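One structure is given below, encoded as structure tokens.
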Amino acid sequence: NIGGTGAAHGSFMAQACTRSERRRHGLGVNPEARVSASTTTAGRNTLPPRVQADMLATADTAVLEQPRRARVVVIDDDPELLACVRDALADPRFELRCFTDPATALASMADVDPDLVITDLTMPALTGRDVIRHVRGSSAGGAPPILVLSGHGDEDDIVECFSLGVADYMSKPLSLPELRAKVAVLVARSIARASPTAADPVTLAAGARFGDYEILRRLGAGGMGVVYEARSPQHGLVALKVLTPELSKDVPLLRRFFREARHLKAVRHPNIVSFFDLGHEAGTYFLVMECASGEALDVRFARVLPLHEPHALAIALEIARALEALHAAQIVHRDLKPANVIVDDDGHVKLVDFGLTKRPHDEPLTDTDVLMGTPHYLSPEQITGREPIDTRTDLYALGVMLFYLLTGTHPFTGDTHFAILEGHATQAPPPLRERNPTLTAAVETLVNRLLAKHPSDRLQTPSELVGVLEALLARGT
């Protein structure tokens with residue numbers, strides 16, 4: 001997992017630390033809770049109570065099933081924060097060794113033989129990076145898992161730590177219930193792991209275990225790895241996206257992978273798949289998200305296109321609402337196409353695949369001359385680079401999708417990708433009602449506006465499009 005969410009759980013938070021201590025040292029405080037020196041809450045109250053309870057139950061189950069006490073080394077140069085973490089992990093089944101000096105901690109590693117090492121990332125003299133390198137390089141018989149705590153939580157830190165081989169990463173302010181759950185699961189895996197070898201993560205069969213997840217079936221494979229349908233003890237049916245071990249060593253690709261997770265985590269909307277987990281297992285990295293039931297839009301409607309106008313507009317409306325949520329989070333999808341829209345049995349849609357998403361201040365992850373996306377759905381500005389790429393880019397792609405749903409064809413076609421791209425960049429789209437004479441003039445006007453060559457001539461926001469679509473559907477158009 002990356003980052004921390006969660007809320008209070010008094011069973012193990014008694015006497016953890018005061019409100020002022022937690023404010024000073026990066027442990028979040030629930031502003032609505034009554035806090036004293038003897039009891040406190042644990043961080044950002046963003047998870048529902050059921051998920052919090054499941055998280056704590058997972059921790060308790062993992063601890064109870066341990067065949068022996070787990071040896072945990074905790075390293076942090078701030079003694080008060082160290083005390084808060086120590087109190088959160090106070091349990092007779094954990095044998096804790098806490099150090100404010102990293103050098104002293106490393107000198108004792110051979111004697112302690114820890115099942116887990118928890119280290120702060122930023123410390124004077126020896127840093128968390130030094131600790132990671134030492135533990136990974138000097139442990140005979142396999143290094144213990146490492147959990148990193150950081151007050152930064154930025155993409156570079158996350159990528160570097162995972163590249164160095166850490167098992168998990170938490171950003172401050174910490175959620176102490178989540179910390180306890182992570183520690184319990186990591187030490188249980190460490191103790192239970194009799195052999196350092198593991199199943200190939202890209203050839204997992206039904207019934208295999210991958211960390212906490214039971215593999216049910218393989219959903220598909222792509223350039224970044226494999227997607228499985230799996231069962232999670234906390235979230236039920238999930239989609240598990242696993243990088244190949246080779247790609248897990250590719251730092252630029254890892255940055256894109258972690259960016260996908262960060263952006264997916266930033267939005268919650270019924271028309272967007274939900275983020276659940278991100279982590280490291282069996283020598284590679286994985287992303288866990290909601291498993292959207294149904295089929296890709298192009299597969300679902302391949303035999304019935306063109307759709308009746310109200311049906312196509314209703315689908316476009318749900319996609320526009322998903323884009324509205326992305327726009328509010330300053331995220332551009334950049335790869336909107338039928339294959340990335342899942343339609344369930346009730347006709348509702350989920351937007352998936354955030355692999356090319358971008359925010360305004362994100363650093364480029366590819367050469368500026370590399371064209372990313374699918375030719376049939378690329379906007380003129382993606383092709384020419386003459387205009388900024390923003391939410392209006394996604395609106396253009398949605399215009400292409402609407403054209404496709406209403407006619408069964410794409411506005412620009414050709415024998416080569418270059419011919420298709422040239423059409424998007426330089427040619428006017430064919431009249432919609434020449435392709436489907438049953439359509440109304442109002443819908444043709446809307447599609448033409450979405451497909452305008454210059455972004456300033458399109459609708460400017462997803463909210464504007466939502467309003468237009470709602471009005472057309474209300475009129476029975």
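Note that the numbering runs from 1 along the sequence shown for the chain. Values in this document were obtained by computation on a predicted structure and should not be read as measured data.
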Practice prompt. Kindly determine whether Val267 and Phe354 satisfy side chain to side chain contact (heavy atoms under 4.5 Å, CB included), including the steps that lead there.
Written response: CA-CA 11 Å; Val267 289; Phe354 278 44; 4.2 Å; yes
Got a salt bridge between [X] and [Y], using NZ or NE/NH1/NH2 to carboxylate O under 4.0 Å?
X      : Y      : result
Glu470 : Arg321 : yes
Arg392 : Glu381 : no
Arg71  : Asp113 : yes
Arg256 : Glu260 : no

Spacing of [atom1] belonging to [X] relative to [atom2] belonging to [Y], to within rounding of 0.5 Å:
X      : Y      : atom1 : atom2 : answer
Leu323 : Thr393 : CG    : OG1   : 11.0 Å
Met401 : His376 : CE    : NE2   : 13.5 Å
Arg129 : Thr119 : CZ    : OG1   : 10.5 Å

Listed partners of [X] passing side-chain contact (heavy atoms from CB on, under 4.5 Å), at least two apart:
X      : result
Asp76  : Asp78, Leu81, Leu82, Asp120, Lys172
Ala103 : Asp101, Leu126
Arg97  : Val73, Glu95, Phe99, Val112
Ser274 : Arg268, Phe276, Glu290

In this structure, which one of [options] forms a side-chain contact (heavy atoms from CB on, under 4.5 Å) with [X]?
X      : options                        : value
Lys241 : Val226, Val288, Leu287, Leu219 : Leu287
Ile118 : Leu149, Ile146, Ile75          : Leu149
Val349 : Ile342, Ile319, Ile272         : Ile319

Fill in: Neighbour count >12 (heavy atoms, 6.0 Å) for atom CD, Glu387
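Enclosed.
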Decide yes or no for [X] and [Y]: does some side-chain heavy atom of the first lie under 4.5 Å from some side-chain heavy atom of the second?
X      : Y      : result
Leu176 : Leu89  : no
Pro338 : Tyr377 : yes
Ser293 : Asp345 : no
Met289 : Phe275 : no
Val341 : Val352 : no
Leu278 : Lys265 : no

Side chain [X], main chain [Y], donor-acceptor under 3.5 Å:
X      : Y      : answer
Arg209 : Asp212 : yes
His417 : Thr374 : no
Lys350 : Pro270 : yes
Ser232 : Gln234 : yes
Thr284 : Leu243 : yes
Gln382 : Leu378 : no
Arg133 : Leu164 : no
Arg180 : Ser175 : no

Fill in: Arg231 and Tyr213: CA distance, side-chain angles, deciding distance, side chain to side chain contact (heavy atoms under 4.5 Å, CB included) verdict
CA-CA 6 Å; Arg231 182 175 288 111; Tyr213 303 95; over 6 Å; no
Discussion item. Working note: Lys358 + Arg259, criterion side chain to side chain contact (heavy atoms under 4.5 Å, CB included); need CA distance, chi angles, decisive distance, verdict.
Written reply: CA-CA 8 Å; Lys358 193 175 188 297; Arg259 177 181 291 181; 4.1 Å; yes
Worksheet item: What salt bridge (Lys or Arg N to Asp or Glu O under 4.0 Å) pairs are there with at least one residue in residues 329-339, not counting sequence neighbours?
Response: Asp335-Lys337
Discussion item. Is it the case that the side chains of Thr391 and Asp394 hold a donor-acceptor pair, with the cut-off being a distance below 3.5 Å and no angle test?
Written reply: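 Looking only at side-chain atoms, Thr391 and Asp394 do not form any donor-acceptor pair under 3.5 Å.
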Discussion item. I'd like to know whether the aromatic ring centres of Tyr285 and Phe162 sit less than 6.0 Å apart in this structure.
Written reply: yes
Fill in: Test salt bridge (charged side-chain N to carboxylate O under 4.0 Å, His left out) applied to Asp353 - qualifying residues, sequence neighbours left out
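Checked Asp353 against salt bridge (charged side-chain N to carboxylate O under 4.0 Å, His left out); zero matches.
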Fill in: CA sep, side-chain torsions, deciding dist, call: Leu317, Val466, side chain to side chain contact (heavy atoms under 4.5 Å, CB included)
CA-CA 6 Å; Leu317 176 59; Val466 166; 3.9 Å; yes
